[in-house]
Participant: 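Here's a structure for you.
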Amino acid sequence: MCNNNNKPNNLLIIKEVQEQDEIFLKDRISSWVVASGYVGLAAISTATVPFIFPALKWYLVLSSYILAPALVFCNSYGTGLTDGSLASTDGKIGLFIIASVVGGNGCVAAGVAACGVMLSIASTTSDLMQNFETGYLTPSSAKSMFVSQLIGTSMGCVIAPLRF
């Protein structure tokens with residue numbers, strides 16, 4: 001009852017997976033591009049958010065950007081495995097931490113603003129992870145998925161405020 005006809009099918013599946021890996025990893029995104037983009041956006045946000053929310057000081061925004069990668073890594077890893085995002089939980093963690101640091105007057109406004117910062121970072125990374133997962137399953141390069149996410153996010157930054 002042993003069926004040895006599975007060997008050609010297994011070899012075909014292995015070859016298909018190798019081709020998917022090759023296509024997806026063909027155009028890698030440089031680490032320095034990623035790091036410089038994060039640092040640049042963190043600098044812009046650190047400079048502008050305190051003007052919008054005076055209770056949220058620049059060093060609190062900067063600390064949110066320093067804390068975010070630790071939380072967001074776990075969120076994006078879980079999103080890649082399960083297609084479920086806990087971005088709102090990361091935002092709430094940021095809310096509680098920043099509100100407790102500010103304390104007294106303005107702690108609610110500062111906490112909510114920090115929640116927005118953390119939530120935007122977490123949701124963007126989980127969306128990007130889902131896009132990478134889709135790009136892997138539909139043989140596409142990681143760079144094309146990243147550029148598409150960048151274009152979509154840029155368009156959203158312009159279109160969303162115009163809707164309101």
Side-chain angles (χ1 to χ4, degrees), residues 20-21 24-25 28-138 140-164:
Q20 278 182 321
D21 289 347
F24 188 73
L25 297 174
R28 290 191 172 207
I29 303 163
S30 300
S31 296
W32 69 270
V33 170
V34 175
S36 63
Y38 188 77
V39 168
L41 290 175
I44 292 169
S45 182
T46 301
T48 57
V49 169
F51 288 113
I52 301 168
F53 302 102
L56 189 62
K57 304 297 182 204
W58 68 269
Y59 53 88
L60 295 173
V61 177
L62 184 62
S63 64
S64 294
Y65 274 95
I66 292 170
L67 176 68
L71 297 173
V72 169
F73 174 78
C74 301
N75 182 32
S76 62
Y77 184 76
T79 301
L81 293 176
T82 64
D83 285 338
S85 176
L86 296 173
S88 62
T89 305
D90 291 340
K92 291 172 193 164
I93 290 172
L95 182 145
F96 291 132
I97 291 172
I98 300 299
S100 66
V101 168
V102 171
N105 257 353
C107 70
V108 173
V112 170
C115 176
V117 169
M118 294 287 272
L119 186 62
S120 67
I121 295 168
S123 66
T124 301
T125 56
S126 64
D127 289 344
L128 187 59
M129 179 55 76
Q130 287 178 334
N131 289 348
F132 281 154
E133 185 178 0
T134 302
Y136 180 77
L137 294 174
T138 61
S140 302
S141 70
K143 189 178 275 187
S144 68
M145 301 309 292
F146 181 74
V147 169
S148 299
Q149 178 80 15
L150 188 66
I151 291 169
T153 302
S154 301
M155 288 176 59
C157 290
V158 173
I159 294 171
L162 295 176
R163 280 190 54 209
F164 299 105

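When a residue number appears, it is its place in the shown sequence, counting from 1.
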Participant: Which heavy atom of A114 sits nearest a heavy atom of S64, and at what distance?
Facilitator: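 Shortest heavy-atom contact: CB-OG, 4.2 Å.
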Participant: OG/S154 to CD1/I159 distance, rounded to the nearest 0.5 angstrom?
Facilitator: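 So the OG of S154 and the CD1 of I159 are separated by 10.5 Å.
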Participant: For the CD1 atom of I52 and the OG atom of S45, what is their distance to the nearest 0.5 Å?
Facilitator: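 With rounding to 0.5 Å, CD1 (I52) is 8.0 Å from OG (S45).
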Participant: Please check if the side chain of T79 supplies one atom and the backbone of G84 the other of a donor-acceptor pair under 3.5 Å.
Facilitator: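 Side chain of T79 to backbone of G84: a pair is present.
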Participant: Just wondering, do M118 and L67 contact through their side chains at under 4.5 Å, heavy atoms?
Facilitator: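 Yes, their side chains come closer than 4.5 Å.
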Participant: If you compare all heavy atoms of T125 against all heavy atoms of A122, which two are closest, and at what distance to 0.1 Å?
Facilitator: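 What the structure gives for the nearest pair is OG1-O, 2.9 Å.
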Participant: To the nearest 0.5 Å, tell me how far D90 CG sits from S120 OG.
Facilitator: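 Answer rounded to 0.5 Å: 11.0 Å.
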Participant: Using the rule side chain to side chain contact (heavy atoms under 4.5 Å, CB included), only one of L41, V72, L71 pairs with I121; which is it?
Facilitator: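 The passing option is V72.
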Participant: Return the CD1 to CZ distance between I151 and F146, rounded to the nearest 0.5 Å.
Facilitator: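 If I round to the nearest 0.5 Å, the distance is 11.0 Å.
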Participant: Can you find a pair of side-chain heavy atoms, one from T124 and one from Q149, that are under 4.5 Å apart?
Facilitator: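 Of all side-chain heavy-atom pairs linking Q149 with T124, at least one is under 4.5 Å.
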Participant: Within the structure provided, determine whether Y65 and V39 are in side-chain contact (heavy-atom separation under 4.5 Å).
Facilitator: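 No - every pair of side-chain heavy atoms lies 4.5 Å or more apart.
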Participant: Looking at SG of C157 and CG of L162, how far apart are the two atoms once the value is rounded to the nearest 0.5 Å?
Facilitator: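 Rounded to the nearest 0.5 Å, the SG-CG separation comes out at 11.0 Å.
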Participant: Is it true that a side-chain atom of S141 and a backbone atom of S144 form a donor plus acceptor pair closer than 3.5 Å?
Facilitator: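 Confirmed, S141 side chain pairs with S144 backbone.
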Participant: If every non-hydrogen atom of F132 is compared with every non-hydrogen atom of A142, which pair is closest and at what distance?
Facilitator: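 Closest approach of F132 to A142: CE2-O, 3.4 Å.
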Participant: Got S63 and I98 here, is their nearest side-chain heavy-atom distance under 4.5 Å?
Facilitator: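 When only atoms from C-beta onward are counted, I98 and S63 do touch, with a gap below 4.5 Å.
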Participant: Identify the heavy atoms of A110 and A55 that sit nearest to each other, and give their distance.
Facilitator: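 A110 and A55 have their closest heavy atoms at CB-O, 3.8 Å.
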Participant: Quick one: pull up CE in M145 and CG in L150 and give me the separation to the nearest 0.5 Å.
Facilitator: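 One finds 13.0 Å between CE of M145 and CG of L150.
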Participant: Near Y77 OH, under 6.0 Å, is it more than 12 heavy atoms from other residues, nucleotides or ligands?
Facilitator: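 Incorrect, the count does not exceed 12.
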Participant: Please name the pair of heavy atoms, one in S126 and one in N75, separated by the smallest distance, quoted to 0.1 Å.
Facilitator: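 Answer, listing the atom of S126 first, then N75: CB-ND2, 4.0 Å.
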